[in-house]
Amino acid sequence: MAKQANLGDLEIVSSPLLSVLQDLHSKYKSLQEGAVANYIPELAKVNPDLFSICIVTVDGQVYEVGDYQQLFTIQSMSKVFAYGLALEDHGRDYVLTRVGVEPTGEAFNSIILDERSKRPYNPMVNAGAIATTSLIKGDGATERLNRVLEMFRRYTGHDVFVDMSVFTSERSTGHRNRAMAHLMLNFGMIDQNIEEALDLYFKQCAVIVNCHDLAVMAATLANKGINPITGERAVDHQYIKDILSVMYTCGMYNFAGEWAYTVGIPAKSGVCGGIFAVVPNQIGIGVFSPPLDVRGNSVRGVEVCQALSQQLCLHLFECGGSSKIKSEE
Ligand code: GLN
């Protein structure tokens, strides 16, 4: 099933955008590599054949194919938005004292801190994301969670909920993340009760979205922080550059360098099999396909984004922001 909104207002040189998505969907549907995440037992239940691609433009047009209404938990893609909220709560300088902006070159769940500063390396890997989430303000756990859910409401344009089975599944098995939290507590990088910080982190990872939502959230970042469908501001404009910079350098974990080289746009993946990518001032892209490669990135998601980047000339240093996506005046 494909849906389009007002295709007449948007053209791709030589091919309509929707048919580009349809072609990519049928091309990569048969790609059977990778394995769904199973270290969070609840995630192992997903159907590996689910596959969707969605693009939302900064003027609010939607192009989508496949299972774009299928719900899944946002997982690591939540880290991007939590980072924005922590920046709004504390400002850039303070957040930088607690979490750095250097890529690790290591897996997303590595138990490492910067030797010199004792900070986690960046907010896109688990250690940095737990530190970031611990910074979110609120009077008690409920208020902090409500602020996170309210933030996701602004980005998606609708109320969001936590998948409690995925949350409890991760809380009861997430010993690695708990170890990171203890290490950061040891170095004074986390102040508050670490079980509370971990609970909030596991809950933010278990927020339920679909592929359409991913593209809307990406388009909100592409649109200087304003949701292009609702017109509501989701995040302070001044932090867009911070968010997109760490997505660009760290969002795809130990594949971030190759991603920057071949795809060339800020992106973030999650172990649910989602990837979202941002072409500033133009479009947001969402892809969902659960089987992951060894680095924890969706196999089909990476292929689709590489192909989209080539076909639409999305690489920031190739087309300098003037892709083949043209809005009519
Ligand atoms: N909740 C997951 C974890 O902390 C998120 C990881 C991911 O999506 N890469 O392990």
Side-chain angles (χ1 to χ4, degrees), residues 34-46 71-83 99 103-112 120-134 136 145 148 152 160 162-184 190 194-209 211 213-214 217-218 246-247 250-256 259 267-277 286-302:
V36 304
N38 59 9
Y39 74 97
I40 301 172
E42 206 53 32
L43 292 186
K45 298 178 180 169
V46 72
L71 299 175
F72 51 87
T73 54
I74 190 167
Q75 296 303 330
S76 271
M77 292 178 287
S78 66
K79 294 168 178 172
V80 170
F81 308 101
Y83 185 52
V99 52
T104 61
E106 303 284 339
F108 67 87
N109 57 2
S110 291
I111 307 179
I112 45 164
Y121 276 91
N122 69 70
M124 302 290 109
V125 292
N126 287 8
I130 295 164
T132 302
T133 296
S134 79
I136 290 170
L145 174 63
V148 168
F152 281 120
V160 300
V162 172
D163 183 324
M164 291 308 280
S165 340
V166 173
F167 162 65
T168 49
S169 181
E170 182 163 22
R171 185 173 58 174
S172 56
T173 55
H175 308 303
R176 230 187 137 90
N177 285 329
R178 201 160 273 114
M180 287 170 211
H182 278 282
L183 189 62
M184 291 190 288
I190 297 194
I194 60 171
E195 282 307 321
E196 192 192 310
L198 284 165
D199 268 16
L200 185 55
Y201 169 73
F202 294 145
K203 281 185 180 150
Q204 89 179 32
C205 288
V207 161
I208 301 167
V209 291
C211 190
D213 293 330
L214 288 186
M217 296 167 94
V246 290
M247 279 175 72
C250 313
M252 301 299 285
Y253 315 121
N254 41 341
F255 188 61
W259 177 276
K268 185 76 197 80
S269 65
V271 289
C272 52
I275 297 179
F276 76 90
V287 188
F288 173 61
S289 167
L292 308 177
D293 61 23
V294 287
R295 285 126 159 174
N297 298 321
S298 166
V299 173
R300 288 181 184 143
V302 169

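Order of listing sets the numbers, starting from 1, for every ligand and every atom in it. Keep in mind that what you see is a predicted model, and the values were worked out from it rather than measured. Throughout, residue positions are numbered sequentially from 1 according to the sequence presented.
- Residue-level proximity to ligand 1 for N109 is absent, since no heavy atom of it falls below 4.0 angstrom.
- Across all their heavy atoms, F202 and G174 have their closest contact at CZ-O, 4.1 Å.
- Formation of a donor-acceptor pair under 3.5 Å by the K268 side chain with backbone atoms of M247 is not found in this model.
- In this structure N254 satisfies the side chain to side chain contact (heavy atoms under 4.5 Å, CB included) test together with R295, sequence neighbours excluded.
- In this model, a donor atom of one side chain and an acceptor atom of the other lie less than 3.5 Å apart for S76 and Y253.
- Atoms of ligand 1 found under 4.0 Å from any heavy atom of G270, numbered from 1 in the order shown, are 8 (O).
- With respect to atom 1 (N) of ligand 1, the closest heavy atom belonging to the protein is Q75 OE1, 2.6 Å.
- Those atoms of ligand 1 with a heavy atom of Y253 less than 4.0 angstrom away are 7 (C), 9 (N).
- A donor-acceptor pair is defined here as one N or O able to donate and one able to accept, closer than 3.5 Å; such a pair exists between the side chain of S298 and the backbone of S289.
- When only non-hydrogen protein atoms are considered, atom 3 (C) of ligand 1 lies nearest to E170 OE2, 3.0 Å.
- In this structure, the salt bridge (charged side-chain N to carboxylate O under 4.0 Å, His left out) partners of D199, at least two apart in sequence or on a different chain, are R171.
- Inter-residue side-chain proximity for M180 and N126 is flagged as met; some heavy-atom pair is nearer than 4.5 Å.
- In this structure, N38 contributes its side chain and P41 its backbone to no donor-acceptor pair below 3.5 Å.
- Of the protein's non-hydrogen atoms, Y201 OH, 2.7 Å is the one closest to atom 4 (O) of ligand 1.
- The nearest protein atom to atom 7 (C) of ligand 1, hydrogens excluded, is given as S76 OG, 2.5 Å; this is a heavy-atom distance.
- Residue I40 has no N or O atom closer than 3.5 Å to an N or O atom of ligand 1.
- Only side-chain heavy atoms of N126 come within less than 4.0 Å of ligand 1; its backbone N, CA, C and O stay farther off.
- Protein heavy atom closest to atom 10 (O) of ligand 1, with residue, atom name and distance, is Y39 OH, 2.5 Å.
- The contact set between ligand 1 and C205, taken as ligand atoms under 4.0 Å from a residue heavy atom, comprises 1 (N).
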